[in-house]
Amino acid sequence: MCLICDRIEMIKNGSNPYFVKELETGYVVIGDNQHFYGYTLFLYKNHDKTELFQLEMPERKKFMEEMSIVAEAVSNAFGPEKMNYELLGMGDAHLHWHLYPRRKGDIENYGNNGAGPVWCYPMEKMYSDENRPSEEAMEEMKHKLLIELDKLI
């Protein structure tokens, strides 16, 4: 099984502390590390397709629509200046969106004098244990995001 399939199994058995809400095509989870406050993932429910273009058009449209709703909810909940979206897959081929709320200065002076994608920021700093929210902070984030999701769905 892949890491995302493992996380989905944790959602199904009630042991994923990052889980926020199930939608038709996927699961909304808060990211483990929160250097980018409000970082959220939208995990596609199935591992049978590894590329967005492999989804049948109705499913693809629904997945894209729901991702957009999740991004809007993240923006409403955490108040960024800009949202960044990524659907990568070389690290884990399971379809999933990374939704990054962005603010000026969030990559310090990395990138082009502090401007650029999240990947300009050193991964060891981004994924540092210092960026893991406390249980209390995680519950607060999940609550804020769930309120905004429920307004939009």
Side-chain angles (χ1 to χ4, degrees), residues 3-12 14-46 49 52 55 57-89 91-92 94-123 125-153:
L3 175 64
I4 292 173
C5 289
D6 290 344
R7 294 291 181 104
I8 289 172
E9 280 304 309
M10 290 172 67
I11 289 168
K12 290 177 179 179
S15 65
N16 187 324
Y18 303 99
F19 172 65
V20 177
K21 187 172 182 73
E22 179 178 0
L23 302 182
E24 186 178 322
T25 64
Y27 300 97
V28 180
V29 296
I30 295 290
D32 296 16
N33 298 83
Q34 289 292 313
H35 173 76
F36 299 96
Y37 177 68
Y39 167 55
T40 300
L41 295 101
F42 184 49
L43 314 175
Y44 186 62
K45 284 187 174 179
N46 304 308
K49 305 285 192 263
L52 189 58
L55 301 178
M57 193 54 75
E59 180 82 354
R60 185 185 322 171
K61 286 180 179 180
K62 188 65 176 178
F63 184 50
M64 296 289 291
E65 175 189 16
E66 288 184 335
M67 177 278 299
S68 182
I69 289 168
V70 174
E72 183 177 355
V74 168
S75 182
N76 292 343
F78 303 111
E81 296 171 38
K82 177 76 175 94
M83 288 295 300
N84 283 184
Y85 309 75
E86 292 186 331
L87 178 70
L88 302 171
D92 201 331
H94 192 121
L95 285 173
H96 63 288
W97 286 97
H98 296 266
L99 303 169
Y100 290 97
R102 299 294 307 276
R103 294 162 186 85
K104 285 188 173 125
D106 63 6
I107 62 169
E108 299 170 19
N109 204 32
Y110 294 96
N112 184 12
N113 295 315
V118 297
W119 304 115
C120 289
Y121 196 68
M123 292 183 79
K125 292 178 85 169
M126 187 185 320
Y127 295 122
S128 166
D129 284 342
E130 294 173 8
N131 291 321
R132 287 189 177 266
S134 67
E135 187 175 322
E136 181 180 305
M138 176 61 67
E139 290 304 316
E140 180 181 322
M141 292 175 72
K142 287 170 31 180
H143 180 72
K144 287 170 71 170
L145 183 52
L146 184 58
I147 287 171
E148 295 303 326
L149 283 166
D150 287 344
K151 287 179 186 176
L152 297 169
I153 296 175

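Index from 1, following the sequence. Only a predicted model underlies this, so the values are computations on that prediction, with no experimental measurement involved.
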Shortest non-hydrogen pair, Thr40 vs Val29, comes out as CG2-O, 3.2 Å
Please name the pair of heavy atoms, one in Pro133 and one in Ala137, separated by the smallest distance, quoted to 0.1 Å.
-> CB-CB, 4.0 Å
Spacing of CD1 belonging to Ile107 relative to CG belonging to Asn113, to within rounding of 0.5 Å = 9.5 Å
Can you check whether Leu55's main-chain N or O pairs, donor with acceptor, with Arg60's side chain at less than 3.5 Å?
-> yes
The single option from Tyr100, Tyr121, Tyr127 passing ring-ring contact (aromatic ring centres under 6.0 Å, His included) against His35 | Tyr121
Residues forming a salt bridge (charged side-chain N to carboxylate O under 4.0 Å, His left out) with Glu108, sequence neighbours excluded | Lys125
Flag side-chain contact, heavy atom, 4.5 Å: Met67 against Tyr44 | no
If only atom types and distance count, is the side chain of Glu22 paired as donor or acceptor with the main-chain N or O of Gly26 below 3.5 Å?
-> no
Any salt bridge (charged side-chain N to carboxylate O under 4.0 Å, His left out) pairs touching residues 64-79, not counting sequence neighbours?
-> Lys62-Glu65
Check: Met141 and Tyr37 side chains under 4.5 Å, non-hydrogen atoms | yes
Just wondering, do Val118 and Arg102 contact through their side chains at under 4.5 Å, heavy atoms?
-> yes
Is it possible for you to check whether Lys45 lies under 6.0 Å from the centre of the six-membered ring of Tyr27, through NZ or CZ, and within 45° of that ring's axis?
-> yes
Sorted by chain and residue number, the side-chain hydrogen bond (donor to acceptor under 3.5 Å, both in side chains) partners of His98 (sequence neighbours excluded) come out as Tyr39, His96
Kindly say whether Pro17 contributes a backbone atom to a donor-acceptor pair with the side chain of Lys142 at under 3.5 angstrom?
-> yes
Can you find a pair of side-chain heavy atoms, one from Glu59 and one from Thr25, that are under 4.5 Å apart?
-> yes
Ile69 and Leu23, any side-chain heavy atoms less than 4.5 Å apart = no
Could you tell me whether Asp106 and Arg103 make a salt bridge, using a distance below 4.0 angstrom between a side-chain N and a carboxylate O?
-> no
Can you find a pair of side-chain heavy atoms, one from Asp150 and one from Lys21, that are under 4.5 Å apart?
-> yes
Leu99 side chain reached by Phe78 side chain, heavy atoms, under 4.5 Å | no
pair Ser75-Pro80: side-chain heavy atoms closer than 4.5 Å = yes
Say you draw a straight line from CZ of Phe42 to CG of Leu95; how long is it, rounded to the nearest 0.5 Å?
-> 11.0 Å
Do the charged groups of Arg7 and Asp32 touch, with an N to O distance under 4.0 Å?
-> yes
